[in-house]
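Below is one structure, written out as structure tokens; the observations come after it.
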2 protein chains.
Amino acid sequence: MVELEAPQLDAVFHALGDATRRRMLRRLAEGERTVGELAEPFDMSLAAASKHIKALERAGLVRRRIAGRTHYCALEARPLAGAHDWIGFYEQFWTSRLDILEGLLRREDSQKTKGDGDE
Amino acid sequence: MVELEAPQLDAVFHALGDATRRRMLRRLAEGERTVGELAEPFDMSLAAASKHIKALERAGLVRRRIAGRTHYCALEARPLAGAHDWIGFYEQFWTSRLDILEGLLRREDSQKTKGDGDE
DNA sequence: TTCTAATTCAACCATACGGTTGAGATAAAA
DNA sequence: TTTTATCTCAACCGTATGGTTGAATTAGAA
């Protein structure tokens with residue numbers, strides 16, 4: 001169990017909400033890459049790619065090592081564990097054919113308990 | 001394996017990137033809720049909460065059943081499976097103490113294969 | 001029919017996002 | 001030293017986001 005704080009979850013999920021950044025992470029899974037290498041596959045300016053990388057850093061998903069004029073980026077996967085756990089809670093609602101029954105039961109239930117003021 | 005399309009992943013992760021919407025999903029895990037019930041815990045207008053719910057619908061995470069003037073929202077967890085899988089790929093990078101070794105190996109590796117033009 | 005309740009819609013606002021360009025900063029190469 | 005390469009920074013732009021308010025829509029309740 002990792003239980004990230006809400007603001008960190010915000011940053012992680014926000015970072016993942018962009019295909020460019022997701023592709024960058026996939027690339028980093030193969031190993032360290034420079035900013036230039038990370039930017040190369042994309043049809044955008046270096047500055048734009050640099051901003052994406054900063055979003056990943058803000059989320060704690062990338063750590064940067066500066067060597068001279070070159071910045072090496074490495075995957076930092078740990079915060080993903082928290083996001084994974086958060087989503088994992090819902091696995092019960094999509095796994096197996098029980099989910100159909102579950103769904104039906106929850107629907108019934110909400111009819112009976114509608115407006116019971118629970119939090 | 002679920003493999004959501006990029007645009008759906010965008011929408012799902014974007015939807016999850018907001019604490020208000022995450023809390024709404026947690027609430028919906030207990031059962032169906034009306035728009036009003038979903039909005040109630042939050043210090044914002046109904047209209048604002050309504051927009052959040054629409055973001056969840058766009059991501060396919062909520063389905064709505066209209067009965068008279070009341071809109072009932074229900075959790076639709078399936079798209080979360082795709083997001084869960086996507087993140088799950090990185091589990092190898094955070095699980096167990098192997099991750100430290102892995103990280104070291106990948107760093108070495110990237111020194112040797114730097115600029116090999118892989119995609 | 002008239003009142004009230006549950007929601008959305010439309011217009012608006014401030015701020016964030018994702019992109020651009022051009023100008024630094026810094027370090028390696030000539 | 002001068003040139004070139006790697007990146008960030010700053011300013012700007014259009015569009016999206018997250019919020020507001022007030023009016024419109026629709027349907028139970030009196």
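Chain letters run A, B, ... following the sequence lines, proteins first, then strands; residues in each count from 1.
- When the P atom of D/dA16 is taken as reference, atom NE2 of B/H52 falls 18 Å away, rounded to whole Å.
- Classification of the B/H84-A/H84 ring pair by plane angle, with boundaries at 30° and 60°, yields parallel.
- A/A47 comes within contact range of at least one nucleobase, with a heavy-atom separation under 4.0 Å.
- Counting to the nearest Å, the P atom of D/dT21 and the CG atom of B/L46 are 12 Å from each other.
- Between A/A67 and A/A55, the residue anchored closer to the 5' end of DNA chain C is A/A55, taking for each the nucleotide with the nearest heavy atom.
- The separation between A/Y72 atom OH and D/dA5 atom C1' is 13 Å, rounded to whole Å.
- Out of C/dT7, D/dA29, D/dT6, the shortest distance to the side chain of B/R69 is found at D/dA29.
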Could you give the side-chain donor-acceptor pairs of residues 51-61 of chain B under 3.5 Å, partners two or more places apart or in another chain?
| residue | atom | partner | partner atom | Å |
| --- | --- | --- | --- | --- |
| B/H52 | ND1 | B/R21 | NH1 | 3.1 |
| B/E57 | OE1 | B/R64 | NE | 3.3 |
| B/E57 | OE1 | B/R64 | NH2 | 2.6 |
| B/E57 | OE2 | B/R64 | NE | 3.1 |

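- The shortest distance between the side-chain N/O atoms of B/K54 and the OP1/OP2 oxygens of C/dT7 is not below 4.0 Å.
- Between A/H71 and the phosphate of D/dT6, there is no side-chain N or O to OP1/OP2 separation shorter than 4.0 Å.
- Regarding A/D18, its CG atom lies at a distance of 6 Å from the P atom of C/dG19, rounded to whole Å.
- Remark: C1' of C/dG18 and CG of A/L16 are 17 Å apart, rounded to the nearest angstrom.
- A/E37 has its CD atom 14 Å from the C1' atom of D/dA5, to the nearest Å.
- Across the protein-nucleic acid pair, A/R21 atom CZ and C/dG18 atom C1' stand 9 Å apart, rounded to whole Å.
- Distances shorter than 4.0 Å separate some side-chain N or O of B/S50 from OP1 or OP2 on C/dT8.
- At distances below 3.5 Å, not a single donor-acceptor pair connects side-chain atoms of A/Q8 with backbone N or O atoms of A/E5.
- Put simply, CZ on A/R22 is 12 Å from P on C/dG18, counting in whole angstrom units.
- Here B/H14 does not reach the OP1 or OP2 of D/dA16: none of its side-chain N or O atoms lies under 4.0 Å away.
- Looking at A/R65, its side chain never comes within 3.5 Å of a backbone N or O of A/A74 through a donor-acceptor pair.
- Side-chain contact, A/R78 with B/Y90: no donor N or O sits under 3.5 Å from an acceptor N or O.
- Within 4.0 Å (heavy atoms only), B/S45 reaches at least one base atom of the nucleic acid.
- The listed nucleotides are C/dT8, C/dT20, C/dA11; the one nearest the side chain of B/K51 is C/dA11.
- The side chain of B/T70 contributes no N or O atom lying less than 4.0 Å from OP1 or OP2 of D/dA27.
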